[in-house]
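Notes follow the structure.
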Amino acid sequence: MKDTLPLLDQFNRPFRDLRISVTDRCNFRCTYCMPAELFGEHYHFLPKHDLLSFEEITRLARVFIGLGAVKLRLTGGEPLVRQEIEILVAQLAALDGVENIAMTTNGFLLPQKAQALKEAGLHRVTVSLDSLDDTVFRRMNGGRSGVQEVLDGIAAAKQAGFAPIKINAVVQRGVNDHTVVDLARYCKDQGYILRFIEYMDVGTLNGWRLDDVVSAAEIAEMINAKMPLELIERNYFGEVALRYRYQDGGGEIGLIASVTKPFCGSCTRLRLSPEGQIYTCLFGVEGIDLRGPLRAGASDEEIAEIVRGVWSRRTDRYSEIRTEQTGVAAPKVEMFHIGG
Ligand code: SAM
Ligand code: SF4
Ligand code: SF4
């Protein structure tokens with residue numbers, strides 16, 4: 001049963017998007033997310049019994065949909081390293097009221113998984129690819145993959161019928177900023193919707209410095225100088241990307257200015273961690289546990305009541321405050337834990 005009134009937080013932001021992180025593990029070691037020197041063989045990832053089962057995730061998703069979620073996104077860690085993730089997709093796709101189920105993936109396992117995901121009912125795929133330069137890309141992912149493996153994954157998604165495919169690229173100054181125009185040209189030619197993401201101070205482990213951020217404005221200017229752009233309207237309230245169209249009609253591109261132009265005012269996202277905690281902000285310090293009540297036999301209505309309470313007290317606007325103060329990093333949850 002859907003609540004008839006939208007669930008609003010302290011700034012009147014409705015709850016609409018649910019991001020489900022299905023695992024804290026990953027087959028890559030991106031330097032800005034899970035640096036290899038910190039996430040080596042001795043790192044303790046969550047043991048299996050701590051993870052929500054597919055049935056638990058699906059049950060929570062049903063409760064979230066009742067509270068207003070219309071979009072679900074599976075993320076991680078790397079969602080495709082969770083065994084048989086397509087079974088979860090099929091369970092979620094069968095829920096009443098889901099308009100859109102998407103996945104963000106590094107693409108490495110898509111050649112094995114794309115077809116099964118499509119058949120299970122996944123609507124959209126976003127693949128992260130930071131550069132087409134093999135040396136740069138390998139350096140950024142901790143040497144776990146070349147560019148070709150990810151391109152093969154994207155091709156597999158296309159072959160399985162996913163369209164349009166979105167590509168995410170994080171830009172770091174002095175690391176891959178000299179390769180953004182090449183990536184933009186490639187995606188334009190292929191018909192992929194590319195979204196550049198400003199490097200964020202998520203977590204506490206990536207050694208973030210404001211100087212390493214290449215602003216969305218700078219990125220737009222670099223591309224505009226070679227392939228003229230014009231700004232277009234957002235698709236809907238809560239869309240995070242600033243959208244541009246190529247003036248020659250060759251498709252569009254998005255810029256996610258999370259650092260220089262934060263969008264907290266329209267942030268409608270709730271994040272569910274692999275072990276069943278909810279976070280109302282990407283920069284949350286502590287989650288609220290739902291797995292405990294769930295495993296202790298709470299009813300759907302009791303769980304819904306916890307979520308209503310959390311969302312209605314929500315005052316998060318971390319990025320806006322960071323911009324106001326050019327803030328110093330505070331303790332917060334890691335990105336690979338709640339999935340971006
Ligand atoms: N493993 C999957 C992937 O990489 O697509 C899903 C999880 S990953 C945490 C989700 C997205 O967050 C990716 O597009 C990744 O590039 C982005 N991301 C990770 N750390 C980031 C950071 N510090 N700043 C900006 N984006 C980041
Ligand atoms: Fe893994 Fe994605 Fe983080 Fe890279 S960004 S380490 S692929 S979770
Ligand atoms: Fe939403 Fe928090 Fe990001 Fe602001 S900082 S847009 S509230 S997740």
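Note that ligands are numbered from 1 as they come in the structure, with each ligand's atoms numbered from 1 the same way.
Taking only non-hydrogen atoms, the option from Met200, Lys166, Arg73 nearest to atom 24 (N) of ligand 1 is Met200. With distances taken over non-hydrogen atoms, the option nearest atom 4 (Fe) of ligand 2 out of Ala36, Cys30, Gly76 is Cys30.
Of the heavy atoms in Thr126, none comes closer than 4.0 Å to ligand 1. In Arg271, the part holding a heavy atom less than 4.0 Å from any atom of ligand 3 is the side chain. At a heavy-atom cutoff of 4.0 Å, ligand 1 is contacted by both the backbone and the side chain of Thr104.
For residues 107-156, the ring-ring contact (aromatic ring centres under 6.0 Å, His included) pairs, not counting sequence neighbours, are Phe28-Phe108. The ring-ring contact (aromatic ring centres under 6.0 Å, His included) contacts involving residues 166-188 comprise nothing, where partners must be two or more places apart or lie in separate chains.
Using a 4.0 Å cut-off between charged nitrogen and carboxylate oxygen, Glu78 and Arg144 do not count as a salt-bridge pair. A salt bridge does not link Glu56 with Arg59: none of the charged nitrogens is closer than 4.0 Å to a carboxylate oxygen.
By the side chain to side chain contact (heavy atoms under 4.5 Å, CB included) test, Val70 pairs with Lys2, Arg16, Glu99, sequence neighbours left out.
For ligand 2 and Phe28, the ligand atoms under 4.0 Å from any heavy atom of the residue are 6 (S), 7 (S).
Around atom 1 (Fe) of ligand 3, the protein N, O or S atoms found under 2.8 Å comprise Cys267 SG.
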